[in-house]
2 protein chains.
Amino acid sequence: MSTMPQSATDHGLANFDVRRSNLGLALRHLRDHGPRSRAALAAELGMTRSTISTLVSELIERGLVTDGQPVHSTVGRPSTAVEVDGRTVCGIGAEINVNHVSTMALDLRGEVVEERKLALDARSLDAERVLAHLADLVRETVSSLEVRGVSIAGLTVGVAGLYDQTRDVLTHGPNLGWYDVPVGAILRRDLGATFRIVVDNEGNLAAAAEVTPGDPGRQDILVLHGEVGVGGGIVSGGRLLRGSHGYAGEFGHMIVKPGGLRCGCGRQGCWETVSGLRALLEMAADPDDPIRNPAMALDDRLAELNRRADLRDTRTLRALDDVGGWVGVGAAVLTNALNPATIVLTGYYAAVGHHMRPAIERELRAGVLAPDSGGTRVELSTLGFSAAVRGGATASLETVFADPTQVARRTVPVGGVP
Amino acid sequence: MSTMPQSATDHGLANFDVRRSNLGLALRHLRDHGPRSRAALAAELGMTRSTISTLVSELIERGLVTDGQPVHSTVGRPSTAVEVDGRTVCGIGAEINVNHVSTMALDLRGEVVEERKLALDARSLDAERVLAHLADLVRETVSSLEVRGVSIAGLTVGVAGLYDQTRDVLTHGPNLGWYDVPVGAILRRDLGATFRIVVDNEGNLAAAAEVTPGDPGRQDILVLHGEVGVGGGIVSGGRLLRGSHGYAGEFGHMIVKPGGLRCGCGRQGCWETVSGLRALLEMAADPDDPIRNPAMALDDRLAELNRRADLRDTRTLRALDDVGGWVGVGAAVLTNALNPATIVLTGYYAAVGHHMRPAIERELRAGVLAPDSGGTRVELSTLGFSAAVRGGATASLETVFADPTQVARRTVPVGGVP
DNA sequence: TTAGTTTGGGCGTCGTCCCAACAAAGCGTG
DNA sequence: CACGCTTTGTTGGGACGACGCCCAAACTAA
């Protein structure tokens, strides 16, 4: 997630940019460090109380924060805590995957407000149909929010494949079987676009979701997202690394086993052929085994896998160790290059990762030159399969923090009980 | 190197921050896009001519830009081009290496103003002595600049080893034999520090030197530095990626050939075993061949290699193609992860890279998932051994672009011929 | 010479932040 | 219970910076 107000590429700063930046700064500070008084805000942001006062009252007018409970300290006038108001604006994240489309709405505080999911087989439908289903889901979400008077900050869609953001086209989506699909344009057409719609690689969004503002161990992150394919994202200094054309994070097609299995991309020995979900399932079970049955929900199949591992089934444990080892080999390659503070495992890795972790850490120690694996820690994501949609929603909200003035002023109800 | 004015981590923006940012923006724009009129500046930066007028006159007062030649266009009043003035302020870069210490001063336009080098054997002296020698070199540079009335923006020192910038200590310098040396503090003490002194890893500075401000192809860079070992640096959005503990860029020990040759680090199949200088020389020549003789200067050995390749010697070409192929394999792995705009080859790669490039590009195309290698181009560095000092000097200058007001106003000579 | 075009700078206005002073709201103490 | 003490939040100048408008300057083309 880009955390900076960012004087951006070019244009000079004017006075209202100062206002915008400071409004965003205050709002962000309240989100990251919790409710606090105007005076505390002023001290912590290095501004005067008077300035903060006007900033806060503008944020209140825009419905972004509210006065909360009075706080009594030992001495002096009690302060009224200011806190982020989640009732006014939401960001929406969405995801297009091989077997489902889904949406999630988050309020300004990062709380889940709405969540929808539709199972489908993307490969048996064409892109237009899949996107129409997603558009339906988004419309339901939007109308549900609008009934409650919540405005929409934007929609960010994660898609499994390479997304060229300059041309706004999904260039390469081998898992979906999509090539050169203008996802953004189609959605804008279908939805009538009253808000900003951005499309990004799902791995990037999942990575962005793992950033925890203020936590130093969560600023330099390598996210490994395991599903049928393997992708991920790189976060450096809290900033997502997209690469020059937005193609960064395509870890799945690093060649780690020259001459190995043929991959869907046509090459041999790609990382995802040995560390993807398919590799795990094929190693862990015979073709007629229920967990190999695509009709069965993925969650259930993974739960069954965990159950077998907990029962110490030899074949299952062997598969988890073997695949975990390959995950570690690839992770070591990337860790040598990037030296992240934390490797976060998401997707199916998060579900069964506690059984793979020893193997991953073993290979990491073996493969990383820097002592103690360069201080890199391995953690399992707690966001589950919702990482990408959550990241998308967070990215949508980011525009509000970057420019709170984009949220309309509300005519404050003057009356009311005194 | 951080290129952004960066509202930094916390503190709110005030009015003078706007001024500072806009002054820097104008100055940077002139550096990046060359001399141009005030009107052009205004149009390109999205500001009014009057604002630009006052900004430029302040920059002139501070001696950072000057009015240049009048430019006659087809119609209308001719404009006077404004250009960056290199005569007022310089940034100094320095380097501490096993066999030499050196300095370089760059003016605001990036031109070399001063360059000094002192050969020594760092391993036979203690750190204090080496740093005293460097301090002498810096003092000479500074006094030479001050004679000419040039002020110093800062000093950035590159050192061979891991530098912990939060503690300002060289923690690990195996090549120098230095451990836990507070290089910054010692230099500040020796020099009396009238300017800012920063210390960094020399590889980082060399990588940063490859950034060309304003060139979009030189903002997202993967630098591959070939010597006996292979290392490098990652630049994303003009910003150097250091990793959480400063260990990033250790590419040499990525495992690209499982079960391959044993590496000095104890592992098998590390990238540098197939793409390092040793691999090339051993493949290209018998043990008694002069180019295998460590006593011979490296430049000469590489020149001989080039000579043979130009004569189309089969074994030499085979070796260059083979090693180049492995360079490409590793580059492809990193390119899938990072999607750089440009891969810059430095060290011995820069010397013989024109013979390896076809093989590198072949493997890059084969190994990168994104179409057309993700748009990544392969280039040879032209900076040679001065890359680190140049990067240091550029980093020092960066403070001027971030805040031009740090350069004192000069009392403009009022008189003069009308 | 005159009309047309573009440049650069001066002046007034507006927006934003800072500083200083002040009212508000408690706590502790006599 | 009144009074001082402390901290909070608000209010009214003052300073500073960018913008918009205007005008003189400088040059081309007819």
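Here is how names work: the chains are called A, B, and so on, in the same order as the sequence lines, proteins then strands, and each is numbered from 1.
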OP1 or OP2 of C:dG9 sitting under 4.0 Å from any side-chain N/O of B:Arg38? yes
Report yes if a side-chain nitrogen or oxygen of B:Thr48 is closer than 4.0 Å to either non-bridging phosphate oxygen (OP1 or OP2) of D:dG20; otherwise report no. no
Nearest-nucleotide wise, let me know which of A:Thr54 and B:Ser79 is further upstream toward the 5' end of DNA chain C. B:Ser79
Look at A:Arg242 together with A:Asp200 and state whether they make a salt bridge at an N to O cut-off of under 4.0 Å. yes
Between A:Gly46 and B:Ser73, which residue's closest nucleotide on DNA chain C lies nearer the 5′ terminus? B:Ser73
Nearest nucleotide by nearest heavy atom, which residue falls closer to the 5' end of DNA chain D, B:Met47 or B:Gly76? B:Met47
Per atom distances to the A:Leu55 side chain, the nearest of C:dC17, C:dT5, D:dG9 is C:dC17
Nearest of D:dC16, D:dA18, D:dC27 to any side-chain atom of B:Asn22? D:dA18
B:Arg409/B:Glu58 ion pair, N-O < 4.0 Å: yes
Please determine whether a side-chain nitrogen or oxygen atom of A:Thr80 lies at a distance below 4.0 Å from atom OP1 or OP2 of D:dG9. yes
Short N-O contact, B:Arg31 and B:Glu83, less than 4.0 angstrom: no
Rounded to the Å, how far apart are A:Phe16 CZ and C:dT13 P? 21 Å
From D:dA26, C:dC17, C:dT6, pick the nucleotide closest to the side chain of A:Arg19? C:dC17
Need to verify one output field. Residue with the more 5' nearest nucleotide on DNA chain D, A:Arg49 or B:Arg49? A:Arg49
Taking only Lys NZ, Arg NE, NH1 and NH2, and the carboxylate oxygens of Asp or Glu, determine whether A:Arg38 and A:Asp67 approach each other closer than 4.0 Å. yes
Compare the minimum distances between each of C:dC17, C:dT6, D:dT7 and the side chain of B:Val75, then state the nucleotide with the smallest one. C:dT6
